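Working notes, structure below.
In this text the structure is predicted, and so the values were computed from the model without any measurement. In what follows, every heavy atom counts, from backbone to side chain, and hydrogens, waters and symmetry copies are set aside. Just so it is clear: chains get the letters A, B, ... in the order the sequence lines come, proteins before strands, and each one is counted from 1.
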Protein chains: 2
Amino acid sequence: MARNNRQTSPETEFLATYDASAFEHPSVRTDVLIFSVSNSSAENWRRSDKKWFSVLLLRRDQYPEIGKWNLPGTFVNNNETAVDAAYKVLRSEPGAHGDVYLEQLYTFDAINRDPRTRVFSIAQMALVDKNKIQYSGQRDVKWFNIEYDNDTLLLHNDNLTLTEKDLAFDHAVIIKTGIERLRNKIGYTDIVFDMMPPEFTLGELQQVYEIILGHKLIPAVFRRNIAKKVVSTGKMRTGSGHRPSVLFKKK
Amino acid sequence: MARNNRQTSPETEFLATYDASAFEHPSVRTDVLIFSVSNSSAENWRRSDKKWFSVLLLRRDQYPEIGKWNLPGTFVNNNETAVDAAYKVLRSEPGAHGDVYLEQLYTFDAINRDPRTRVFSIAQMALVDKNKIQYSGQRDVKWFNIEYDNDTLLLHNDNLTLTEKDLAFDHAVIIKTGIERLRNKIGYTDIVFDMMPPEFTLGELQQVYEIILGHKLIPAVFRRNIAKKVVSTGKMRTGSGHRPSVLFKKK
DNA sequence: CCAATAGTGTCTGTGAGACAGTATAAG
DNA sequence: CTTATACTGTCTCACAGACACTATTGG
């Protein structure tokens with residue numbers, strides 16, 4: 001039918017007769033690591049809240065790996081990018097609205113990582129301020145506090161503690177890869193602020209660095225370095241049994 | 001048939017009836033950035049050779065984008081990983097044998113990046129010592145010297161110079177992403193040595209750092225820093241019209 | 001007053017940057 | 001002797017780490 005069209009090039013003809021279904025095709029998913037920062041209340045009135053680094057997980061109610069926990073994710077349709085698909089996930093499961101930091105993490109492609117069929121997962125990492133999230137309160141969607149030392153991962157939610165074997169597929173590896181990426185980038189980027197509320201004290205910000213890096217920082221050094229990235233709001237935070245602190249915002 | 005088998009679980013039954021072909025499936029490729037270092041001979045007998053940072057490209061002899069240049073690559077079969085597929089590419093096109101450094105770079109997934117059908121490309125970056133490669137000498141397989149400033153990419157091979165529009169698909173973006181990754185990692189990893197011959201002078205090593213980073217380094221500082229990563233072989237390189245230099249190897 | 005965090009001043013050691021100066025081969 | 005690279009010594013400046021010291025609140 002296009003034969004008599006003068007604009008038909010050899011390339012257009014080639015494409016018209018190209019049959020993609022002639023090859024065997026795998027599935028492509030995106031799994032989304034949603035990281036945030038939680039507070040657990042302190043042991044005594046004068047102490048400040050303890051901060052935790054946390055990740056959102058869903059409990060599987062379907063085969064395969066029913067009952068285990070996994071990252072929220074979805075298949076990537078042929079008319080959308082992995083980022084498009086990830087934003088759909090973010091809007092549905094945790095109800096995140098507005099701007100959310102998202103970056104591609106790594107593509108996981110072990111041959112038998114999913115028992116159903118060959119599945120490639122373009123894993124992505126999202127950083128959110130938990131206060132901005134309309135937590136659906138759904139059963140089986142929970143934030144887990146991360147404990148990660150010596151390549152061993154523990155995830156805590158109240159009395160429930162998960163180890164790697166309680167996670168479905170290769171999602172423990174995905175989480176560990178994300179933590180490592182974040183640890184690396186926190187030093188030379190501004191991504192911490194994507195997990196912070198608009199106003200915060202330098203003590204709180206330092207705590208967030210500490211839980212992500214997994215070690216303590218020296219306050220004087222931290223303040224010297226962070227000074228170029230933040231600016232004072234002039235406001236103070238009071239009500240704690242000690243000297244009030246200045247509230248800062250991202251510069 | 002498995003109905004009477006006592007070991008049949010609900011999960012096994014689920015998997016037996018799961019039909020992956022019920023969904024629409026894309027294609028998954030891997031494209032391999034093969035980076036190396038070239039010499040172009042110096043203008044005068046006393047000067048040392050000028051080094052270039054280079055990438056291997058193939059000229060397309062098929063639709064689509066016939067005549068343009070692209071990275072070597074292949075579709076990823078359902079029984080292999082992207083890394084497996086990349087090693088097949090490395091063994092065929094440039095004839096690389098032995099150990100080759102390979103890392104996953106990024107997965108490119110723009111919806112219309114390939115006019116044939118939806119194609120995801122898990123791009124990978126390989127670093128090779130060009131001396132170890134049995135260059136097939138095939139027509140239309142060439143090393144191009146990289147010139148990359150201000151987000152503009154130029155590729156040179158003798159009298160032939162390519163700009164981004166001479167590259168097929170989104171391969172110009174893949175190359176730029178690879179250069180950036182390498183620039184970042186060269187400072188805190190040992191991957192330079194994967195592009196070096198077993199023995200080299202510190203002057204040569206410094207030149208390689210300089211072409212990758214795109215700027216000059218101060219010899220005294222460079223030597224101070226690299227000292228912990230290299231060890232002298234005791235041998236000297238002579239024959240150049242100036243003081244001979246010590247040959248080093250990776251520590 | 002006490003406990004706990006906020007915030008500053010300053011000393012010390014390490015290492016980057018800069019530059020001058022010496023060494024040594026081939027033609 | 002010239003040219004070009006190899007290699008070393010040392011001064012200065014910036015900054016990380018360390019630590020002591022002061023400030024300020026609620027109870």
Do B/N157 side-chain atoms and B/W143 backbone N/O form a donor-acceptor pair below 3.5 Å?
-> yes
What about the rings of B/F120 and A/F120, do their centers lie closer together than 6.0 Å?
-> no
Rounded to whole angstrom units, what separation is found between the CZ atom of A/R47 and the P atom of D/dG27?
-> 17 Å
For B/Q207 and D/dA4, give me the distance from atom CD to atom C1', rounded to whole Å.
-> 13 Å
Where along nucleotides 18-27 of chain C does protein come under 4.0 Å, by heavy atom, of base (B) or sugar-phosphate alone (S), with - for untouched nucleotides?
-> SB---BBBBS
Spacing of A/M236 atom CE relative to C/dT5 atom P, expressed in whole Å | 17 Å
Indicate whether the side chain of B/N39 and that of B/K51 have a donor and an acceptor atom separated by less than 3.5 Å.
-> yes
How are the rings of B/F53 and B/F35 set to each other: parallel, tilted or perpendicular (split at 30° and 60°)?
-> tilted
Counting just side-chain N and O atoms, does B/N44 come under 4.0 Å of either OP1 or OP2 of D/dA4?
-> yes
Check ion pair B/E199-B/K249 (N to O, under 4.0 angstrom) | no
Could you state the CZ-P distance from A/F248 to C/dA6, rounded to the nearest angstrom?
-> 11 Å
Gap between atoms CD and C1', on A/Q206 and C/dA6 respectively (whole Å) | 11 Å
Given side chains that start at C-beta, do those of A/F222 and A/L205 come closer than 4.5 Å, heavy atoms only?
-> yes
B/L202 CG to D/dT8 C1', in whole Å, measures 13 Å
A/R237 has an atom CZ; how far is it from atom P of C/dG7, in whole Å?
-> 11 Å
Rounded to whole Å, CZ of A/F222 lies from C1' of C/dT5 at a distance of 15 Å
Using a cut-off of less than 4.0 Å, is there contact between a side-chain N or O of B/N225 and OP1 or OP2 of C/dG15?
-> no
